[in-house]
Trainee: 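Dumping the structure here so I can ask a few things about it.
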2 protein chains.
Amino acid sequence: MTTSEENYIKVIYHLSLVSPKGVNTNAIAGMLETKASSVTDMLKKLSEKDLVSYQKYQGVSLTENGLLSAKMIVRKHRLWEVFLVEKLAFNWDEVHEIAEELEHIKSEALINKLDAFLGFPAFDPHGDPIPNEKGVIQKVNKLLLSEAELNKEYYCIGVKDSSSEFLKYLDKQKIALGSTFKVIERESFDDTLTVEINAQEKIISNKIANNLYVQ
Amino acid sequence: MTTSEENYIKVIYHLSLVSPKGVNTNAIAGMLETKASSVTDMLKKLSEKDLVSYQKYQGVSLTENGLLSAKMIVRKHRLWEVFLVEKLAFNWDEVHEIAEELEHIKSEALINKLDAFLGFPAFDPHGDPIPNEKGVIQKVNKLLLSEAELNKEYYCIGVKDSSSEFLKYLDKQKIALGSTFKVIERESFDDTLTVEINAQEKIISNKIANNLYVQ
DNA sequence: ATTAAAATTTAGGCAAAACTAAAAATTAAT
DNA sequence: ATTAATTTTTAGTTTTGCCTAAATTTTAAT
Ligand SMILES: [Mn+2]
Ligand SMILES: [Mn+2]
Ligand SMILES: [Mn+2]
Ligand SMILES: [Mn+2]
């Protein structure tokens, strides 16, 4: 598989988690910042290689082959992110772009040795689960902070949006994985929350609350 | 720079250490396992970008720009090799291919943090020097085992050929960086050496002796 | 049920990096 | 100094991945 094919497969995988019945051409184009016509070209090639099942105008989904490939790319991406944060002291908002390149390095041995070196981590720096060698992903039940009950203790286990902007905002607010949350009040007009974060009271907009996973 | 351009620049760099007056098209093609006509195409492009100075039929050499780029690629390659051997427990004969890919990951911060993480190593697993952040390469005086004086103590500081086959042969013979050498006898007919290696007497062919650096 | 809008695909092209075959320049040999 | 051999370049294709513009299909709106 080429780097480009891998990027497509990974994007289709991520999109299929949200729309399992079939992924749209335009959605793929949007994620890859390319044009719909380019996507159509690639879908034909991926279909030829039995990585996706594709009927024109009907959207696309991963085959068993494609799904496993996607999980292996995600595995590599997330393991490299752990390496960059844990070993090289990168901040969690700096690693995605680099991992986007590192995920395409071709060596089974490399990724399994890296996994061992890191101590077989279960989650990446953004709280996303890391598929194991066979592609199995540990299922975790979590909810969005926006769905949390009032006056109940939660802690932060992940972010939904892992853009640099959002992560930097969280740094500024001193919110990190492991931070404790207790929703004190929900403003019914705009769903703004008053939350006790690490024993400090803060105002959290609905948009923010919709991008924080808690448990 | 694309991956392909980087591979060309690096090969031109390595060849120019041997033939400083100008690197031949065919030599480049040989190293990259491509055709001379492809090399000519690329030389035009590299020349356009001021990475090499090139006049047709006259061979090619690196510009100042090209030289610095080359050293940075070599730096990355060798630092990744150190990482693979020191941290991930790869054998020294397994790392070159993987480093061949890793050297193209684009991030200044990554390579400098990796350098720090590894403790600013001066040499790679094959004894080759690692250029520093500015491209400066520590000069080491060394000689080939084939040039060593009789009955004088040396130790192994590098290999000239770092192919997997040669390195595996050295493993089998229990020769590694740091091994001590004392040449007991030189057979004048074929230059075969009798060498005391780590206090064990062994017969070393001229070809082998020509690929071991000692000090 | 038509029509309008949106999504998707096709057609035709372009640039990068490779190739083969043929031409040109350089180097070596008589 | 010619001729022959070798090296290098040019010319013309191919494949991959992308593009624009136009055509087609699906979906939404009247
Ligand atoms: Mn990421
Ligand atoms: Mn990627
Ligand atoms: Mn190497
Ligand atoms: Mn390379």
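Here is how names work: the chains are called A, B, and so on, in the same order as the sequence lines, proteins then strands, and each is numbered from 1.
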Trainee: With a 3.5 Å cut-off and sequence neighbours excluded, list the donor-acceptor pairs that the side chains of residues 12-33 of chain B form with protein atoms.
Mentor:
residue, atom, partner, partner atom, Å
B:Ser16, OG, B:Ile12, O, 3.2
B:Ser16, OG, B:Tyr13, O, 2.8
B:Ser19, OG, B:Leu15, O, 3.3

Trainee: May I ask you to test the B:Lys87-A:Lys87 pair for a side-chain heavy-atom distance under 4.5 Å?
Mentor: no
Trainee: Kindly indicate whether the side chain of A:Glu185, heavy atoms from C-beta on, has any atom under 4.5 Å from the side chain of A:Leu150.
Mentor: no
Trainee: Are A:Leu46 and A:Ile9 side-chain neighbours, meaning at least one heavy-atom pair lies under 4.5 Å?
Mentor: yes
Trainee: Just wondering, do A:Lys10 and A:Glu103 contact through their side chains at under 4.5 Å, heavy atoms?
Mentor: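 Side-chain contact under 4.5 Å: yes.
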Trainee: Evaluate the criterion ring pair (Phe, Tyr, Trp, His ring centres under 6.0 Å) for residue pair B:His126 and B:His96; output intermediate values, then yes/no.
Mentor: CA-CA 10 Å; B:His126 313 114; B:His96 182 80; 7.2 Å; no
Trainee: Phosphate oxygens OP1/OP2 of C:dA18: is one of them under 4.0 Å from a side-chain N or O of B:Ser4?
Mentor: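 So the side chain of B:Ser4 is within the cut-off, an N or O lying under 4.0 Å from OP1 or OP2 of C:dA18.
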Trainee: When you compare the side chains of B:Asn206 and B:Arg186, does any donor N or O come within less than 3.5 Å of an acceptor on the partner?
Mentor: no
Trainee: May I ask you to list the residues of residues 17-29 of chain B, by number, that have any heavy atom positioned under 4.0 Å from an atom of DNA chain C?
Mentor: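 Heavy-atom cutoff 4.0 Å gives no residues at all.
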Trainee: So, B:Ser179 side chain and B:Ile175 main chain: donor-acceptor pair closer than 3.5 Å or not?
Mentor: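 Checked: no pair found.
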Trainee: Does anything in residues 98-106 of chain A reach DNA chain C, meaning a heavy atom under 4.0 Å, and if so which residues?
Mentor: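 Contacts with DNA chain C under 4.0 Å: none.
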Trainee: Whether A:Lys160 engages the ring of A:Phe166 as a cation-pi pair (distance to the six-membered ring centre under 6.0 angstrom, angle to the ring normal within 45°) should be assessed.
Mentor: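 Pair A:Lys160/A:Phe166 does not count as cation-pi.
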Trainee: Can you pull out the residues from residues 35-44 of chain B that lie within a 4.0 Å heavy-atom distance of DNA chain D?
Mentor: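 Correct list: B:Ala36, B:Ser37, B:Thr40, B:Lys44.
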Trainee: Verify ring pair (Phe, Tyr, Trp, His ring centres under 6.0 Å) between A:Phe83 and B:Phe83, making sure each step is shown before the conclusion.
Mentor: CA-CA 12 Å; A:Phe83 170 72; B:Phe83 170 71; 5.0 Å; yes
Trainee: Sequence neighbours excluded, which residues qualify as side-chain contact (heavy atoms from CB on, under 4.5 Å) partners of B:Lys35?
Mentor: B:Ser37, B:Ser38
Trainee: Does the ring of A:Tyr213 carry A:Lys142 above it, NZ/CZ under 6.0 angstrom from centre and within 45° of its axis?
Mentor: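 Output yes; distance and angle both within limits.
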Trainee: Distance check needed: D:dT9 C1' versus B:Leu46 CG, whole Å only.
Mentor: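 Taking atom C1' of D:dT9 as the reference, CG of B:Leu46 is at 16 Å.
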Trainee: Can you tell me which residue among B:Asp124, B:Leu102, B:Ile98 is in a side chain to side chain contact (heavy atoms under 4.5 Å, CB included) with B:Glu81?
Mentor: B:Asp124
Trainee: Among residues 47-63 of chain B, which ones have heavy-atom contacts with DNA chain D below 4.0 Å?
Mentor: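 Of all residues in residues 47-63 of chain B, the ones placing a heavy atom under 4.0 Å from DNA chain D are B:Tyr54, B:Lys56, B:Tyr57.
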Trainee: Could you give the CE-to-P distance, from B:Met1 to C:dA16, as a whole number of Å?
Mentor: 16 Å
